[in-house]
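Report on the following structure.
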Amino acid sequence: MTDEVGQIGIGMVCPFDMALDRELWRWMPDSVSLHITRTPYLPHPVDVELCSELADHATIDQAVRSVMAVRPSAVGYACASGSFVRGMAGASAISTCMRMAGAPAAVTTSEALLRALDAMDLGRIAVATPYVTALTDLLCDYLAESGRSVVSQAGLGRDHDIWTIPYGVTCDLIRAADSDDADAVFVSCTNLPTYDVLAMLEHELGKPVLSANQVTAWASLQDAVRVSERPTVATGYTFAEQSLFARGSAA
């Protein structure tokens, strides 16, 4: 939807514990409004069981139907682990569920990652996550299923309060995950703060450093521009200095 003041609407289905709404907003140009909804609270640590429950189709269907009240042009599912936990078929099933619930276009974080890797022609990936080992392994499996090679990985082993991890810890994690064999580094989890360090680390490492919120914002913005048939102007530090968005939101 484009409203009377020229705003393009994007719906975002986020996990109940998402604390980084502002980070998603920071990736967006001024012509976009985000309409964010959350899944219900679940009393579990961030592990495979929780992420499997976050992928529940009935819950996602309800969330999308709620946010469609304001008629966004596209809807994103802003959870990496919830979308890769059941492999490529699971991620595709979530976006199908969202479209069946009324989303004009839909993309999950994990699908957005693959689209970004395709757009940048990246095949050998270093993986950095805040997750417990079992979830990091599932992300690596997802990438391998998609035809990419995971050449190195590092994780923090955290199962709670991921949004409180400071930038310094995240920077060290990304450096530890990187490998000379990697074309790029992917930093997983939409609840891990990354916005202010990506361009710096790209310059330091000499390769693209992609994050979960970044690819979700980029792909959902692509979809919204296509559906609304309105161009949007990308401005500011993000788009000038960070490799993925430098390719343009409507590419």
Side-chain angles (χ1 to χ4, degrees), residues 1-42 50-116 118-119 142 146 190-191 212-232 234 249-251:
M1 177 191 74
T2 303
D3 64 21
E4 299 83 4
V5 294
Q7 290 285 296
I8 296 173
I10 297 177
M12 283 289 176
V13 178
C14 295
F16 65 92
D17 63 345
M18 173 64 163
L20 302 184
D21 300 44
R22 176 60 181 158
E23 182 156 304
L24 285 169
W25 273 98
R26 292 177 75 187
W27 286 112
M28 294 295 171
D30 290 341
S31 56
V32 169
S33 285
L34 291 181
H35 310 297
I36 295 176
T37 187
R38 279 171 167 73
T39 61
Y41 171 75
L42 295 168
L50 173 68
C51 296
S52 296
E53 292 191 42
L54 290 173
D56 176 69
H57 289 189
T59 297
I60 294 168
D61 177 276
Q62 183 176 2
V64 172
R65 291 181 188 278
S66 177
V67 80
M68 285 308 300
V70 294
R71 298 190 297 279
S73 294
V75 180
Y77 175 78
C79 183
S81 54
S83 53
F84 68 63
V85 69
R86 296 175 181 169
M88 291 183 67
S92 177
I94 291 173
S95 57
T96 297
C97 171
M98 292 196 291
R99 288 190 295 271
M100 291 181 66
V107 66
T108 67
T109 297
S110 297
E111 292 170 310
L113 169 61
L114 300 187
R115 282 169 54 174
D118 284 343
Y142 174 85
S146 77
T190 55
N191 224 7
N213 277 327
Q214 173 202 35
V215 298
T216 306
W218 174 79
S220 60
L221 184 56
Q222 278 191 321
D223 289 346
V225 168
R226 174 176 52 81
V227 169
S228 68
E229 299 182 336
R230 283 177 52 94
T232 184
S249 61

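Note that these values count all heavy atoms, side chains included, but never hydrogens, waters or copies made by symmetry.
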What is the distance from atom CD1 of I94 to atom NE2 of H57, rounded to the nearest 0.5 Å?
5.5 Å
For residues M98 and I60, determine if any side-chain heavy atom of one lies less than 4.5 Å from a side-chain heavy atom of the other.
yes
Between Y142 and F84, what is the ring plane arrangement, given parallel below 30°, perpendicular above 60°, and tilted in between?
tilted
Could you grab the distance from atom OG of S81 to atom CG of N191, nearest 0.5 Å is fine?
9.5 Å
Taking C-beta and beyond as the side chain, do S95 and V107 meet within less than 4.5 Å on heavy atoms?
no
Hey, does M68 have a side-chain heavy atom less than 4.5 Å from the side chain of P104?
yes
Check the pair Y77 / L54 against side-chain contact (heavy atoms from CB on, under 4.5 Å), numbers first and verdict last.
CA-CA 10 Å; Y77 175 78; L54 290 173; 3.7 Å; yes
Looking only at non-hydrogen atoms, find the nearest pair between S228 and S73 and report the distance.
CB-OG, 3.6 Å
Taking salt bridge (charged side-chain N to carboxylate O under 4.0 Å, His left out) as the test, write out the residues that go with D56, two or more places apart.
none
State whether the side chain of R86 and the backbone N or O of S52 hold a donor-acceptor pair below 3.5 Å, judged by distance alone.
yes
Quick check for you: to the nearest 0.5 Å, what is the distance between Q214 atom CD and W27 atom CH2?
4.0 Å
Between M18 and T190, does the side-chain contact (heavy atoms from CB on, under 4.5 Å) criterion hold? Intermediate values first, please.
CA-CA 8 Å; M18 173 64 163; T190 55; 4.2 Å; yes
Identify the two heavy atoms, one from G11 and one from V67, that lie closest to each other, and give their separation to 0.1 Å.
CA-CG2, 4.1 Å
When rounded to the nearest 0.5 angstrom, what is the spacing between CD1 in I10 and OG in S220?
4.5 Å
Side-chain touch P40/T59, heavy atoms, less than 4.5 angstrom
yes
For A74 versus D223, what's the shortest heavy-atom pair and its separation?
CB-CB, 3.8 Å
Would you call D118 and R115 a salt bridge, taking side-chain N to carboxylate O under 4.0 Å as the test?
no
Applying side-chain contact (heavy atoms from CB on, under 4.5 Å), run through M28 and L34 and close with a yes or a no.
CA-CA 8 Å; M28 294 295 171; L34 291 181; 3.9 Å; yes
Are P15 and C79 side-chain neighbours, meaning at least one heavy-atom pair lies under 4.5 Å?
yes
More than 12 heavy atoms of other residues, nucleotides or ligands under 6.0 Å from CD of E53: is that the case?
yes
Between W25 and L20, is there a side-chain heavy-atom distance shorter than 4.5 Å?
no
Quick check: does any side chain N or O of T39 sit under 3.5 Å from a backbone N or O of F16, one acting as donor and the other as acceptor?
yes
Pair L114-M88, side-chain contact (heavy atoms from CB on, under 4.5 Å): steps then yes or no
CA-CA 10 Å; L114 300 187; M88 291 183 67; 4.1 Å; yes
State the CG-CH2 distance between L113 and W218, to the nearest 0.5 angstrom.
10.0 Å
Residues 98-110 vs side-chain hydrogen bond (donor to acceptor under 3.5 Å, both in side chains), sequence neighbours excluded, gives S83-S110, T96-R99, T108-E111, T109-T216
Any pair with a residue in residues 10-23 that passes salt bridge (charged side-chain N to carboxylate O under 4.0 Å, His left out), sequence neighbours left out, goes on the list, sorted by first then second residue, please.
D21-R38
